[in-house]
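Chain letters run A, B, ... following the sequence lines, proteins first, then strands; residues in each count from 1.
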Amino acid sequence: MHMNRINGNDLLTIGFNQGKILGLALEVLEKNYQDTDRETVLTIMKNVAEKPELYLDHEILEDLATKIIEDANAPKDDTISLNETAMPFNIYGQEHIDEGAVRQMDTAMRLPVTVAGALMPDAHQGYGLPIGGVLAAKNAVIPYGVGVDIGCRMALSVFDIPESHFVNNADIYKRELIDHTRFGAGHGFVRHQRAEHAVLERNEFNMTQFIKTLQDKAWSQLGTSGGGNHFVEWGIIEFAERDEVLNIPAGRYVALLSHSGSRGLGATIAGHYTRLAKDICKLPKEASNLAYLDMNSSEGQEYWLAMNLAGDYASACHEIIHNKLTKAIGGQLLARVENHHNFAWKETWNGEDVIVHRKGATPAGKGVMGIIPGSMTAPGFLVRGKGLEDAINSASHGAGRQMSRTQAIKSISHQEMDAILKANGVTLIGAGRDEAPMAYKDINMVMDAQKKLVDVVAKFSPKMVRMADDGSKED
DNA sequence: ATGTCC
């Protein structure tokens, strides 16, 4: 479509600055220069950026040149200052957390809108707010405080099926798992295989032209899982004692556990509103990824609706996966539990109405159930929150990585990977060594570090795991 | 985590 193939990065290289001007320049390119060759266009755009006064009568570039001059003469003191000292925050399991994550949290605690913060024991560095970071803000929402995969969540189905049924019919469980799940970045269902769900009819899709354009892809990706650390797995869940709330007697049951988010829909929404927030809310460089939107502004309200749409879409994806597989194995459902761990909520903290951002953190209000996975061989836990205000009613969202993906691929051999799967009786479909159990922290240590935050209700042991195929080119 | 446009 774009003959000249010039993108925002090219414009940044030849002297354009991030912001509205860049957007306008890209629009001009799209409308007027699609068929002009790349070098010519780059030369023209470079000249406009350097000497806009020469283009004030140019039939195509007049408007862009005017805006560049206006922008250059606009007062430049619109940067919002951070507070000099960071507000204190609690860290759970500090011995497991890298310095970078603490430093990022410290920066977040200096935002003028910050009310409270906490760091969970699986925390590590991310964009803006660290993964495992919880931040309560006053009347503001931070797109990168939610993260790229809006509404990424866990869902668990417990079946009235004994362990022996799984052991004796493993081939059927495997076939159905492969048949009903889809993995990989960009992947979706072909038209006749597409799922239906009421979330596709939601009015929010008509809210703006931008969101409308995402609707068809959202349909094709409905019920898919994506890539990275996302999975769908069969396992055995063990209730050491009867759970009165779920009404499940002590015992071992077949269960289905899934981890995924809002796919391309959420990622595109996250990118769009982060850019918008950065345009509106100019923060010092070390905090620029924490740009926030006022909840009373139209942009803030728009993000809030779009974020909730992506969250409900992520939930619908899990619902479709679980419904298909429940039907496929003819299971009777005893309980289904699910929770977002990349999201923002309107909550009360210390008597104050706040926006709580959990970026890789499990909601753990008093009595609230959640799921904290371990790794493809280590157990995950069904938990019940204790509602600790110091932790902003939160807990970790997993074990957390102890190796980067590249480090894991370099240091873990195929033999080691096979051995640990075999030792744990786990069948793996897909995945690379970057998702190997050794790349993750010891989940038991992480659970120990958050004993004040959650009670364990049941222990889930993975038995058959499906993840995206290995994307690495390494041997 | 996403997927060929900041």
Side-chain angles (χ1 to χ4, degrees), chain A residues 1-31 33-34 38 41-42 45 49 64 71 124-132 143-154 182-188 210 213-214 216-218 220-221 224-231 258-280 282 288-289 291 307 310-311 313-314 317 340-343 359-360 397-398 401 404-406 430-432 434-435 467-472:
Chain A
M1 191 159 66
H2 297 213
M3 289 301 288
N4 57 50
R5 306 181 71 82
I6 291 172
N7 61 30
N9 276 332
D10 295 323
L11 293 181
L12 289 171
T13 311
I14 60 169
F16 280 81
N17 294 318
Q18 192 69 249
K20 285 194 175 117
I21 302 285
L22 183 60
L24 185 63
L26 285 168
E27 250 176 67
V28 171
L29 289 182
E30 188 161 351
K31 280 197 191 125
Y33 291 104
Q34 289 223 21
R38 183 183 164 86
V41 180
L42 280 176
M45 295 312 275
L64 178 62
D71 189 59
H124 51 101
Q125 242 186 99
Y127 281 105
L129 198 64
I131 319 297
Y144 261 155
V146 170
V148 174
D149 192 2
I150 297 172
C152 186
R153 58 165 47 202
M154 303 299 305
R182 287 291 182 281
F183 282 84
H187 290 193
F210 159 70
T213 62
L214 307 177
D216 190 66
K217 188 155 149 192
S220 77
Q221 296 188 327
T224 65
S225 299
N229 57 0
H230 290 172
F231 61 78
S258 53
H259 174 212
S260 55
S262 51
R263 311 290 284 105
L265 174 66
T268 312
I269 289 171
H272 179 85
Y273 287 97
T274 293
R275 242 177 355 254
L276 200 60
K278 282 181 170 179
D279 272 354
I280 295 170
K282 301 242 192 310
S288 64
N289 282 331
M307 178 195 77
Y313 174 80
C317 287
H340 288 322
H341 54 221
N342 282 5
F343 213 60
K359 186 184 191 182
H397 79 313
R401 296 194 79 92
S404 70
R405 291 182 182 279
T406 41
D434 49 348
E435 283 300 324
M467 302 186 83
D469 285 334
D470 188 357
S472 81

Chemist: What is the distance, to the nearest angstrom, from the CD1 atom on A/I6 to the P atom on B/dT4?
Modeler: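 From A/I6 CD1 to B/dT4 P: 19 Å.
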
Chemist: Send over the distance from A/K282 NZ to B/dC6 C1', rounded to a whole Å.
Modeler: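 It is 13 Å, rounded to the nearest whole Å.
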
Chemist: Given B/dA1, B/dC6, B/dG3, identify the nucleotide with an atom nearest to the side chain of A/Q221.
Modeler: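 In terms of side-chain proximity for A/Q221, the closest of B/dA1, B/dC6, B/dG3 is B/dG3.
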
Chemist: Give the intermediate values and the outcome of salt bridge (charged side-chain N to carboxylate O under 4.0 Å, His left out) for residues A/D10 and A/R38.
Modeler: CA-CA 10 Å; A/D10 295 323; A/R38 183 183 164 86; 3.3 Å; yes

Chemist: Between A/R263 and B/dA1, does any side-chain N or O lie under 4.0 Å from OP1 or OP2?
Modeler: no

Chemist: Starting from C1' on B/dT4, measure out to CG on A/N7 and report it in whole angstrom.
Modeler: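 Distance check: A/N7 CG to B/dT4 C1' gives 10 Å.
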
Chemist: What is the nucleic acid contact for A/E27, judged by heavy atoms within less than 4.0 Å: base, sugar-phosphate only, or nothing?
Modeler: nothing

Chemist: Find the distance A/Y144:OH to B/dT2:C1' and express it as a whole number of Å.
Modeler: 11 Å

Chemist: How close or far is atom P of B/dC5 from atom CZ of A/F210, stated in whole angstroms?
Modeler: 15 Å

Chemist: Of the options B/dC6, B/dG3, B/dC5, whose atoms approach the side-chain atoms of A/R275 most closely?
Modeler: B/dC6

Chemist: In chain order, what residues pass the side-chain contact (heavy atoms from CB on, under 4.5 Å) check against A/H340, with sequence neighbours excluded?
Modeler: A/R153, A/F343, A/W345

Chemist: Check the distance between B/dA1's P and A/H272's NE2 and give it to me in whole angstrom.
Modeler: 24 Å

Chemist: Which nucleotide sits closest to the side chain of A/K217: B/dC5, B/dG3, B/dA1?
Modeler: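 Nearest nucleotide to the side chain: B/dG3.
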
Chemist: Under 6.0 Å between the ring centres of A/H397 and A/H259?
Modeler: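 No, the ring of A/H397 stays outside the 6.0 Å limit from the ring of A/H259, centre to centre.
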
Chemist: Of the nucleotides B/dA1, B/dG3, B/dC6, which has the atom closest to the A/V148 side chain?
Modeler: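 Between B/dA1, B/dG3, B/dC6, the one nearest the side chain of A/V148 would be B/dA1.
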
Chemist: Give one of base, sugar-phosphate or nothing for A/K278, where a contact means two heavy atoms less than 4.0 Å apart.
Modeler: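 Nothing: the residue A/K278, judged by heavy atoms under 4.0 Å, touches no strand.
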
Chemist: Who passes side-chain contact (heavy atoms from CB on, under 4.5 Å) against A/T213, sequence neighbours left out?
Modeler: A/Q209

Chemist: To the nearest Å, how far apart are A/H187 NE2 and B/dA1 C1'?
Modeler: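 Roughly 14 Å, once rounded to whole Å.
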
Chemist: Determine the Euclidean distance between corresponding P atoms of B/dA1 and B/dC5; express it in Å to zero decimal places.
Modeler: 22 Å

Chemist: Counting heavy atoms from C-beta on, name the nucleotide in B/dA1, B/dC6, B/dC5 closest to the side chain of A/N229.
Modeler: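 Among B/dA1, B/dC6, B/dC5, the one nearest the side chain of A/N229 is B/dA1.
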
Chemist: Test your reading of the model: is there a side-chain donor-acceptor pair from A/H230 to the backbone of A/S225, 3.5 Å cut-off?
Modeler: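 A pair under 3.5 Å: yes.
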
Chemist: Nearest whole Å is fine: how far is B/dT2 C1' from A/N342 CG?
Modeler: 13 Å

Chemist: Using the side-chain heavy atoms of A/E30, tell me which of these nucleotides is nearest: B/dC5, B/dG3, B/dC6.
Modeler: B/dC5

